[in-house]
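Worksheet: the structure to be examined is printed underneath.
It should be emphasised that the depicted structure is a prediction, and the values quoted were computed from it without experimental measurement. Order of listing sets the numbers, starting from 1, for every ligand and every atom in it.
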Amino acid sequence: MPLISIPAANLSFDCPDDDTIMRAAVRNGLGFPYECNVGSCGNCKFELLEGEIEHLRQNPPGWSERDLQRNRYLGCQAKPLSDCKIKLNLRDHYKSHILPRKVSGKLMAVHDLTHDIREFQFALDVPVAFVPGQYALLSVPGIEGARAYSMGNITDDGNQWHFQIKRVPNGLATSALFDRLKLGDEIGLDGPYGMAYLREEAPRDLLLIAGGSGLSPMISLTRGAAASTKLNGRQLHFFYGGRTASDMCADRVLGSLPGYGTNIHYYPAISMPETDGPQWSGRTGFIHDYVREAMGDKIRDMEIYFAGPPAMAEAVTRMIVEYKVPMAQVHFDQFY
Ligand SMILES: Cc1cc2nc3c(=O)[nH]c(=O)nc-3n(C[C@H](O)[C@H](O)[C@H](O)COP(=O)(O)OP(=O)(O)OC[C@H]3O[C@@H](n4cnc5c(N)ncnc54)[C@H](O)[C@@H]3O)c2cc1C
Ligand code: FES
C-alpha cells in the first residue's frame, strides 16, 4: 500500500490501492482541502514532489495542461502508483467530524417527489452517521466514476442514507439509477463528505436557498434544524426555485415538520410560468431575487446555506458579496 508523506507537515499516511490521496487523507483525519470530490472544482490540488500517480478520471475539468507542467494533481482523483511525497497546505476547516467510510447500501425504497426528482433510500451494511447537509459518493453499477449526491434525511444511528436525485436528460448515472436500479440492489457508498453542514452553534437565523437538484441537502438541513434543541426559537427561511409548477415539492416534504409555518417559513418561486403545465398562482422569477426582496438587509445577519445549479450558485454568491455577508456565515458545496 503506497505511503503518502507531506514533509512540510512532518506526517504521512497510507493510501489503499482502491483509494485516492485526498479521500485517504480525510479518512485519516487530515484537513486536506476539497469540495466537489469528482475532479471538477480544482480545490484539492497538490504538488507532487516525488513518486508517481495517475488520475482516475481522464481529463478532469478541474485540471489543466499548465497544472501538469507544474507537477500539480487533483487529490480527489489521484491514485498513487508508488510511495509519494506531496506539498500542500492542510487546513483545519477541512477536517471531518465523522471520518468517511466505504460501505455498501441496499436500495430499500424509492418515492417520486416530482416528474424528475426521486428519493432513493438505502440501508447501509455498516452504519455511518453524517451531519445534515453532507454528501456521499455513489458508485453506480456500470458507470465509470463515482457521483456525488447529498443526503436528504437525518439520522441518529446512520443505518439509512436517503438521496433526492434529479434526473439529468441523457445523464449516465441518473439514467442508470432511475431506469435500471431495482429494489434490493446494492451499490457502493462512500461518505460523509462536505463542508456545508448544519452549524448548530451559530447564533443566527437560517437562510436556505435551493434550486432544482439542490433540494436534498437543504431538506436535510431543515430536518436537522427542526430536530435540534440548540436551534429552538431560531427562524429558518427556506427558498426553493424551480422552472415550472411541476418542479415544486418542498412544501410536501417540509409541511410535516414541527415548527412549519411558525419557525420554518417556505418561499417557492418558478422562473418559467408560461411553460405548459399545472397552474401556478405563486411567486414567479429567479429565486435569488425573491430572497433579496423578502429578506433585504437581514441577509447580512443570517447563517446562509445554498445548493443548486451553477447559474443559481453564481447569482446567490454575487448577492452575498453585495450584502457584505461575512464568508464564515456562508456554507455551500458547488454542484457540478
Ligand atoms: C457535492 C455535490 C453534491 C451533489 N448533490 C446532488 C443531489 O443531492 N441531487 C442531485 O440530483 N444531484 C446532485 N449533484 C449532481 C450529481 O453529482 C451529478 O452531477 C448529476 O446527477 C449528473 O450525473 P449524470 O451522470 O446523470 O450526468 P452526466 O451528464 O452523465 O455526468 C455529468 C457529471 O458526472 C460527473 N462525471 C462524469 N464523468 C465522471 C468520472 N469519470 N468520474 C467522476 N465524475 C464524473 C461530472 O462531475 C459531471 O458533472 C451533486 C454534485 C456535487 C458535486
Ligand atoms: S476537483 Fe477535487 S475536490 Fe473538486
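Judged by distance alone, with hydrogens and angles left aside, the side-chain atoms of T20 form a donor-acceptor pair with the main-chain N or O of C76 at under 3.5 Å. Put simply, the side chain of W63 gets close to the backbone of R72: a donor and an acceptor are under 3.5 Å apart. One N or O on the side chain of R234 and one on the backbone of R204 form a donor-acceptor pair closer than 3.5 Å. Side-chain N or O atoms of D247 include one that pairs as donor or acceptor with a backbone N or O of R243 at under 3.5 Å. Between the R57 side chain and the V38 main chain, a donor and an acceptor come within less than 3.5 Å of each other. Between the T284 side chain and the I270 main chain, no donor and acceptor come within less than 3.5 Å of each other. Side-chain atoms of N71 come within 3.5 Å of backbone atoms of L48 as a donor-acceptor pair (strictly under, hydrogens ignored).
For CZ of F178, the number of neighbouring non-hydrogen atoms (other residues, nucleotides, ligands) closer than 6.0 Å is greater than 12. Within 6.0 Å of CZ in R101 there are 12 or fewer heavy atoms belonging to other residues, nucleotides or ligands.
To the nearest 10 degrees, the angle centred on atom 2 (Fe) of ligand 2 between SG in C44 and SG in C76 reads 110°. The angle subtended at atom 4 (Fe) of ligand 2 by SG of C41 and SG of C36 is 110°, given to the nearest 10°.
Of all protein heavy atoms, the one closest to atom 26 (O) of ligand 1 is T174 OG1, 2.6 Å. Shortest contact from atom 1 (S) of ligand 2 to any protein heavy atom: G42 N, 3.2 Å. The nearest protein atom to atom 52 (C) of ligand 1, hydrogens excluded, is given as A148 CB, 3.5 Å; this is a heavy-atom distance. Closest to atom 3 (C) of ligand 1, if we only count protein heavy atoms, is F335 CE1, 3.3 Å. Distance from atom 27 (O) of ligand 1 to its nearest protein heavy atom, with residue and atom name: G171 CA, 3.4 Å. In terms of protein heavy-atom proximity, atom 45 (C) of ligand 1 is nearest to R147 NH1, 3.3 Å. In terms of protein heavy atoms, atom 15 (C) of ligand 1 is closest to Y336 O, 3.7 Å.
Atom CD of E200 and atom CG of L206 lie 10.0 Å apart (nearest 0.5 Å). In this structure, the separation between CG on L172 and CD on E144 is 9.5 Å, given to the nearest 0.5 Å. We find the CG-CD distance between D301 and Q329 to be 7.0 Å, quoted to the nearest 0.5 Å.
With a 4.0 Å cut-off on non-hydrogen atoms, A173 touches ligand 1 through its backbone as well as its side chain. Residue contacts with ligand 2 for P60 are absent, since no atom lies close enough (heavy atoms, distance under 4.0 Å). Contacts between Y149 and ligand 1 below 4.0 angstrom, taking non-hydrogen atoms only, involve backbone and side chain alike. Only the backbone of A146 comes within contact range of ligand 1, with a heavy atom under 4.0 Å; no side-chain atom does. At a heavy-atom distance under 4.0 Å, only backbone atoms of Q334 (N, CA, C or O) approach ligand 1. Using a 4.0 Å cut-off between heavy atoms, S150 contacts ligand 1 through both its backbone and its side chain. Proximity of Q164 to ligand 1, defined as any heavy-atom pair under 4.0 Å, is confined to the backbone N, CA, C and O atoms.
Residue contacts with ligand 1 leave out F163, since none of its heavy atoms falls under 4.0 Å from the ligand.
Each of the following atoms of ligand 2 lies closer than 4.0 Å to a heavy atom of G39: 1 (S). Short contacts between ligand 1 and K166, defined as distances under 4.0 Å to a heavy atom of the residue, involve ligand atoms 10 (C), 11 (O). Listed by atom number, the atoms of ligand 2 under 4.0 Å from E35 heavy atoms are 3 (S). Applying the 4.0 Å criterion to heavy atoms of I165 picks out, from ligand 1, the atoms 11 (O). Listed by number with element, the atoms of ligand 2 under 4.0 angstrom from any heavy atom of S40 are 1 (S). Each of the atoms 22 (C) of ligand 1 lies under 4.0 Å from some heavy atom of V168. Close approach to Y135 involves these atoms of ligand 1, each under 4.0 Å from a residue heavy atom: 1 (C). Distances below 4.0 Å separate heavy atoms of E144 from the following atoms of ligand 1: 40 (C), 41 (N). Close approach of ligand 1 to S216 (heavy-atom distance below 4.0 Å) involves ligand atoms 8 (O). Listed by atom number, the atoms of ligand 2 under 4.0 Å from N37 heavy atoms are 3 (S), 4 (Fe). Within ligand 1, the atoms closer than 4.0 Å to a non-hydrogen atom of S40 are 47 (O), numbered from 1 in the order shown. The ligand atoms of ligand 1 that sit less than 4.0 angstrom from a heavy atom of S213 are 7 (C), 8 (O), 9 (N), 10 (C), 11 (O), 12 (N).
F306 is listed as a side-chain neighbour of V330, based on a closest heavy-atom distance under 4.5 Å.
One option in H55, M151, R57 has a heavy atom closer to atom 37 (C) of ligand 1 than any other, and that option is R57. If you check each of L215, L138, L172 against atom 28 (P) of ligand 1, the one with the closest non-hydrogen atom is L172.
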Quiz item: So T229 and N232, side-chain hydrogen bond (donor to acceptor under 3.5 Å, both in side chains) or not? Walk me through it.
Solution: CA-CA 5 Å; T229 48; N232 267 349; 5.9 Å; no
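Ion pair D116/K166 flagged as a salt bridge, since at least one NZ, NE, NH1 or NH2 atom sits closer than 4.0 Å to an Asp/Glu carboxylate oxygen. A salt bridge is absent between D205 and K298; no separation between the charged side-chain nitrogens and carboxylate oxygens falls under 4.0 Å.
Side chains of Q160 and H162: a donor on one and an acceptor on the other come within 3.5 Å.
A cation-pi arrangement is found for R199 relative to Y197, the charged atom lying closer than 6.0 Å to the ring centre and inside a 45° cone about the ring normal.
By the definition of a contact as any protein heavy atom under 4.0 Å away, atom 32 (C) of ligand 1 is not in contact.
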